[in-house]
Amino acid sequence: MKIFKTIKSYQGYRAELKSKNLGLVATMGALHLGHISLVEQSIKDNHITVVSIFVNATQFENISDLNEYPSVLDNDLSLLKQAGVDAVFLPSYDEVYPDNYAFQVQENKLSKILCGAYREGHFDGVLTVVMKLFNIVKPTRAYFGEKDFQQLTLIKQMVKAFFMNTEIIGCPIIRESDGLAMSSRNLRLNMQQRQQAGLLYRTISSHISIKHMQKKLTELGFEVDYIEVMQDKLLVAAYLDEIRLIDNIEYENMQVIAA
Ligand code: PAF
């Protein structure tokens, strides 16, 4: 598995691949089985799979969330090697932001609601870094988890709006045995919070009204940012102490059996 820390060294590698299909899995590290499922899908679909690990400071509206973001690089690299990844792109902030974020990609509709209403500038940071990564890595396809459903939708819309030449593939949420959606942030949960966290999925999939879900989650110790329907999904964001969890489930055919 090759490791590239500079754009220049990566570009040399990319040039040699010529017209081979390349799949990109963009990550911020602290990898889990959700990321590995994206990697596995990319390996199935493409000749070459590249994973980027870059904790993108511009998408954190809260400095303590950035500082607390888990960093376990050695473990990440051994998981990726085991999974059969061809190359890892590990750039520094200065490589990715030579303009120090003077130029930004902004979207003015979907990025302003749901998570965007609570995390100012978050999706500007996400869309900007994803566009930069696509321009550097030049992927044929890029893989994103459906857990971040709003992010996935915005990336698909950006690719369409800017006529970008990368196909976006959304992959299903991977869950722990109690239903908790896998996330790098789960590493920050202590034992008690980890037990509570499983109740988020259980509550939103329990066929009760949104109002009732809100009440129940509050009683269970969550501070709910929102529970809303978008397209055919029910989306939720809630805090357990200072740790923000998001999740979503199919909603279209869901029957509410209790008020
Ligand atoms: O989903 C993530 O891990 C990040 O938002 C992404 C897409 C890697 C951009 O930094």
* Out of K81, K2, M1, K5, which one pairs with V88 under the side chain to side chain contact (heavy atoms under 4.5 Å, CB included) rule? ->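 Among K81, K2, M1, K5, the one meeting side chain to side chain contact (heavy atoms under 4.5 Å, CB included) with V88 is M1.
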Residues that [X] engages under side-chain contact (heavy atoms from CB on, under 4.5 Å), provided they are two or more places apart:
X    : result
Q82  : none
E40  : I36
T218 : V224
L17  : Y13, R14, K20, L22, I48

* Test side-chain contact (heavy atoms from CB on, under 4.5 Å) on C115 and I246 and set out the steps. => CA-CA 9 Å; C115 283; I246 61 171; 4.1 Å; yes
Is the side chain of [X] donor-acceptor paired with the backbone N or O of [Y] at a distance under 3.5 Å, no angle test?
X    : Y    : answer
N248 : E146 : yes
N190 : Q192 : yes
Q150 : I113 : yes
Y143 : V39  : no
Y239 : F222 : no
T128 : D124 : yes
K18  : A15  : no
D86  : V50  : no
N56  : G125 : yes
T140 : G23  : no

Does [X] reach the side chain of [Y], with side-chain heavy atoms less than 4.5 Å apart?
X    : Y    : result
L114 : M230 : yes
I210 : Y251 : yes
L240 : L189 : yes
V105 : V129 : no
I3   : L77  : yes
M164 : M131 : yes
F54  : L90  : no

* To do: Could you tell me whether R244 and D65 make a salt bridge, using a distance below 4.0 angstrom between a side-chain N and a carboxylate O?
  =>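 No.
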* To do: Considering only NZ, NE, NH1 and NH2 on the basic side and carboxylate oxygens on the acidic side, decide whether D247 and R175 come within less than 4.0 Å.
  => yes
* **Derivation of the side-chain contact (heavy atoms from CB on, under 4.5 Å) call for T27 and V25** => CA-CA 6 Å; T27 81; V25 179; 3.9 Å; yes
When rounded to the nearest 0.5 angstrom, what distance separates [atom1] in [X] from [atom2] in [Y]?
X    : Y    : atom1 : atom2 : result
S205 : M213 : OG    : CE    : 8.0 Å
L245 : Q196 : CG    : CD    : 10.0 Å
I173 : Y201 : CD1   : OH    : 8.5 Å
L154 : L110 : CG    : CG    : 4.0 Å
I155 : T166 : CD1   : OG1   : 11.0 Å
L200 : L220 : CG    : CG    : 9.5 Å

Quick check: are there more than 12 heavy atoms from other residues, nucleotides or ligands sitting under 6.0 Å from [atom1] of [X]?
X    : atom1 : value
N67  : CG    : yes
N165 : CG    : no
E16  : CD    : no
K112 : NZ    : yes
Q195 : CD    : no
E242 : CD    : yes
E223 : CD    : no

* Do the numbers put K233 on top of the ring of F149, so that NZ or CZ is under 6.0 Å from the six-membered ring centre and no more than 45° off the axis? -> yes
Testing the basics here: between [X] and [Y], what is the closest heavy-atom pair and its distance to 0.1 Å?
X    : Y    : answer
I174 : G34  : CG1-CA, 3.8 Å
Q193 : R188 : OE1-O, 3.9 Å
A83  : I43  : O-CD1, 3.1 Å
E107 : Q157 : OE2-OE1, 3.9 Å
V72  : A30  : CG2-CA, 3.7 Å
G116 : F123 : N-CE1, 3.6 Å

* Criterion salt bridge (charged side-chain N to carboxylate O under 4.0 Å, His left out) against E167, the qualifying member of K160, K156, R141 -> R141
* For the residue pair S92 and D94, confirm or rule out a side-chain donor-acceptor distance under 3.5 Å. => no
* Asked: If you measure only the distance, is there a donor-acceptor pair under 3.5 Å linking the side chains of S206 and T203?
  -> no
* Aromatic plane relationship, Y101 with Y97 - under 30° parallel, 30 to 60° tilted, over 60° perpendicular ->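 Because their plane-to-plane angle is over 60°, the rings of Y97 and Y101 count as perpendicular.
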* To do: Go through the steps for N100 and Y93 under the test side chain to side chain donor-acceptor pair (under 3.5 Å), then give the verdict.
  => CA-CA 8 Å; N100 201 13; Y93 177 86; 2.7 Å; yes
* If you link I, L, V, M, F, W and Y whenever their side-chain heavy atoms are under 4.5 Å apart, who else ends up in the same group as F60? -> M28, V55, I63, L66, Y69
* Does the ring pair (Phe, Tyr, Trp, His ring centres under 6.0 Å) test come out yes or no for Y10 and F89, once each step is laid out? -> CA-CA 7 Å; Y10 174 79; F89 181 50; 5.7 Å; yes
* Asked: For R194 and L180, what are the C-alpha separation, side-chain angles and deciding distance, and is it a side-chain contact (heavy atoms from CB on, under 4.5 Å)?
  -> CA-CA 9 Å; R194 174 63 194 84; L180 177 65; 3.5 Å; yes
* **Partners meeting ring-ring contact (aromatic ring centres under 6.0 Å, His included) with F103 (sequence neighbours left out)** =>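 Applying ring-ring contact (aromatic ring centres under 6.0 Å, His included) to F103 gives none.
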* Asked: How far apart are the C-alpha atoms of F144 and L24, what are their side-chain angles, what is the distance that settles it, and do they pass the side-chain contact (heavy atoms from CB on, under 4.5 Å) test?
  -> CA-CA 9 Å; F144 295 91; L24 169 67; 5.9 Å; no
